[in-house]
Amino acid sequence: MLRMAVLALFWGSGFLWIRIALQHGLTPVQTTVLRAALGAAVLLLLACSARQRLPCGGALWRRLAVAVFL
């Protein structure tokens, strides 16, 4: 039960932060870009702490770029 409550708190707090950001003058696009950038930064930090390497090769990055925009 406690795990479910903690999960609900984490899951629902994202909507609270979006509401606060929109009320303080950020546009929906700015909020989306900010959330994506923060998420990418956290994933990059986790990858660095686990000593993971970023993929190399232009073809793979082009495919990832297409996936991002779709």
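If you read the sequence from its start, that first residue is 1, and numbering goes on from there. Only heavy atoms go into these numbers, but all of them, side chains included; no hydrogens, no water, no symmetry mates.
Between Pro28 and Leu22, the closest heavy-atom pair is N-CD2, 3.8 Å. Across all non-hydrogen atoms, the minimal contact from Thr31 to Ala21 is OG1-CB, 4.1 Å.
Note: Ile18 CD1 to Arg35 CZ = 4.0 Å, rounded to the nearest 0.5 Å. Residue Leu64 holds its CG atom at 11.5 Å from CZ of Phe69, rounded to the nearest 0.5 Å.
The main-chain N or O of Val6 is never found under 3.5 Å from a side-chain atom of Trp11 such that the two would form a donor-acceptor pair.
Side-chain contact between Thr27 and Thr32 is absent, with no heavy atoms from C-beta onward closer than 4.5 Å.
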